[in-house]
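Working notes, beginning with the structure itself.
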Amino acid sequence: MFEDLLRRWDGEHAVIRHDSESGAWMLVCIHSTRLGPAMGGTRLKSYDGPAEALEDALRLAAGMTRKLAVLGLPCGGGKAVLAVPEVPSGEARRRLLESYGELIESLGGSYVTGPDVNTGEADMDVIGGRTAHVFCRSCAAGGSGDPSIHTALGVFHGIKATLAHLDGSDDLTGRTVLVQGTGSVGAKLARLLLDAEAVVLVSDVDEERARATGGRPVPADAALELECDVYAPCALGATLDEASIPRLRCRAVAGAANNQLAEPDDAERLRAAGILYAPDYVINGGGALHGIGLEQLGWDPEQLEREVAGIADTLTGLYQQADEERITTNEAAERLAAMRLARTDGDVPVSASER
Ligand code: PHE
C-alpha cells in the first residue's frame with residue numbers, strides 16, 4: 001500500500017518514522033519546495049492504519065502547495081500527520097510532540113509546521129521547544145497564536161463572494177448557511193455568520209458543541225440533505241462524492257475543510273448539479289496567511305486582515321474564469337496554482353497588491 005501511494009504521488013519526499021513509545025506513525029510529507037520551504041500543519045488523529053494516514057498526509061501536502069501558490073506566498077507545501085492509536089494527552093502527548101519536534105529539526109528547515117486538526121498553540125509551544133521551524137506558538141511563547149479566527153474570517157469573506165457571484169449581492173441577511181463541523185474554525189465561522197444575520201444551521205457529531213455556537217442545531221446524519229444557500233464543510237475532509245453530491249440541496253459549497261472532494265471528478269459533478277464550489281484550498285487560506293504573514297513576512301494585523309479579505313477577490317476571479325472558459329472552479333484554481341508554480345523570475349510576490 002505505501003508503495004502504490006508513493007509511486008502515484010508527485011511530491012518531493014515523505015519522511016516516515018515510527019515512534020515506538022506511543023505507537024505513532026510520524027509522516028512528514030514535503031510536496032514542493034519550488035517556491036520556498038514546505039509549510040503546512042500537523043494533524044493528530046487515529047486512522048484505520050498507517051497507509052490510510054499516509055494517503056491523507058500526501059493529499060493534504062499537495063493541497064498546501066496549491067494553497068500557498070494561490071495565496072502568492074513564497075512558500076512550498078507540506079503536511080504532517082501523527083497517526084496515533086489514540087489521541088494522547090498530558091505527559092504522553094508532550095513526549096510525542098517533543099520527539100516529533102526533533103524530527104522536524106532534523107529536516108533543517110525544509111519543512112515548517114503549524115497547527116491542524118487536533119493540534120493547537122500549546123502543542124506548537126511543545127514542538128517549539130525542539131525546533132524553531134514552527135508557526136503559531138502561543139503569543140506568550142513568541143508566536144502568532146491560534147490562527148483559526150483568520151481561517152474562519154477567510155471563509156466568511158469567501159461565502160460572501162460566493163453569494164455575490166450567484167445573486168449579485170453579498171448581503172448575508174436571511175441567507176441560510178449550513179456549517180458542518182463546529183470545531184475551532186466552524187464555531188468561529190458560525191459566530192461571524194450569525195453576527196451578519198444569516199440563518200445558521202449547525203451540525204456536529206458532538207451535538208452540545210454545535211448547540212453552543214448559537215446556531216440552529218441539525219442532526220449530523222441528515223445535514224447534507226437540508227435546503228440551504230451555502231453548505232460550509234468545516235469538519236474532516238471528503239464529504240463530497242458520487243453518493244453525496246446528488247443529495248445536496250444547497251446552491252453553493254464554501255467551507256473550511258481541507259480535501260472536500262473525494263476525487264477530482266467531483267468538481268465536475270458539482271458543476272453539473274448547478275452547485276457553485278469554492279475550491280477548498282483557496283477559501284481556507286486564512287490560517288496560513290495568519291501564521292506565515294505575521295511570523296515570517298512581518299505583516300501587521302491590518303495587513304493580515306486585508307490579505308484575508310483578499311480571498312474573496314481571488315474566488316471572484318476564479319468564478320468568472322470558470323464561467324468564461326466553461327471549466328470547473330476547481331480547474332480554474334489548479335490553473336492559477338500551476339501558473340504561480342511555473343514562474344521563473346524567482347521573484348515571488350509577498351502582498352496582495354503585487355499579486
Ligand atoms: N493547518 C492550516 C492549513 O491547512 C493552517 C496553517 C498552515 C497554519 C501553515 C500555519 C502554517 O492551512
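Note that the structure is a prediction, hence the values are computed from the model and not measured. Numbering of ligands and ligand atoms starts at 1, following listing order.
Judged as a salt bridge (Lys or Arg N to Asp or Glu O under 4.0 Å), and not counting sequence neighbours, the contacts of Glu268 are Arg271.
The pair Glu334-Arg66 counts as a salt bridge, with a side-chain nitrogen and a carboxylate oxygen less than 4.0 angstrom apart. Glu207 and Arg211 are joined by a salt bridge, as a carboxylate oxygen and a charged side-chain nitrogen come within less than 4.0 angstrom of each other.
Here side chain to side chain donor-acceptor pair (under 3.5 Å) pairs that include residues 282-297, with residues two or more places apart or in two chains, are Lys67-Asn284, Ser144-His290, Ser144-Glu295, His150-His290, Asn258-Asn284.
Between the CG atom of Leu82 and the CG atom of Asn118 there is a distance of 10.5 Å, given to the nearest 0.5 Å.
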Can you give me a line-by-line list of nitrogen or oxygen pairs between ligand 1 and the protein shorter than 3.5 Å?
residue: ligand 1; atom: 1 (N); partner: Pro115; partner atom: O; Å: 2.7
residue: ligand 1; atom: 1 (N); partner: Asp116; partner atom: OD1; Å: 3.0
residue: ligand 1; atom: 4 (O); partner: Lys67; partner atom: NZ; Å: 2.9
residue: ligand 1; atom: 4 (O); partner: Lys79; partner atom: NZ; Å: 3.1
residue: ligand 1; atom: 4 (O); partner: Asn258; partner atom: ND2; Å: 3.2
residue: ligand 1; atom: 12 (O); partner: Lys67; partner atom: NZ; Å: 2.6

With a cut-off of 3.5 Å and sequence neighbours excluded, list every side-chain donor-acceptor pair involving residues 52-64.
residue: Glu52; atom: OE1; partner: Asp48; partner atom: N; Å: 2.6
residue: Asp56; atom: OD2; partner: Tyr47; partner atom: OH; Å: 2.6
residue: Arg59; atom: NH2; partner: Leu261; partner atom: O; Å: 2.8

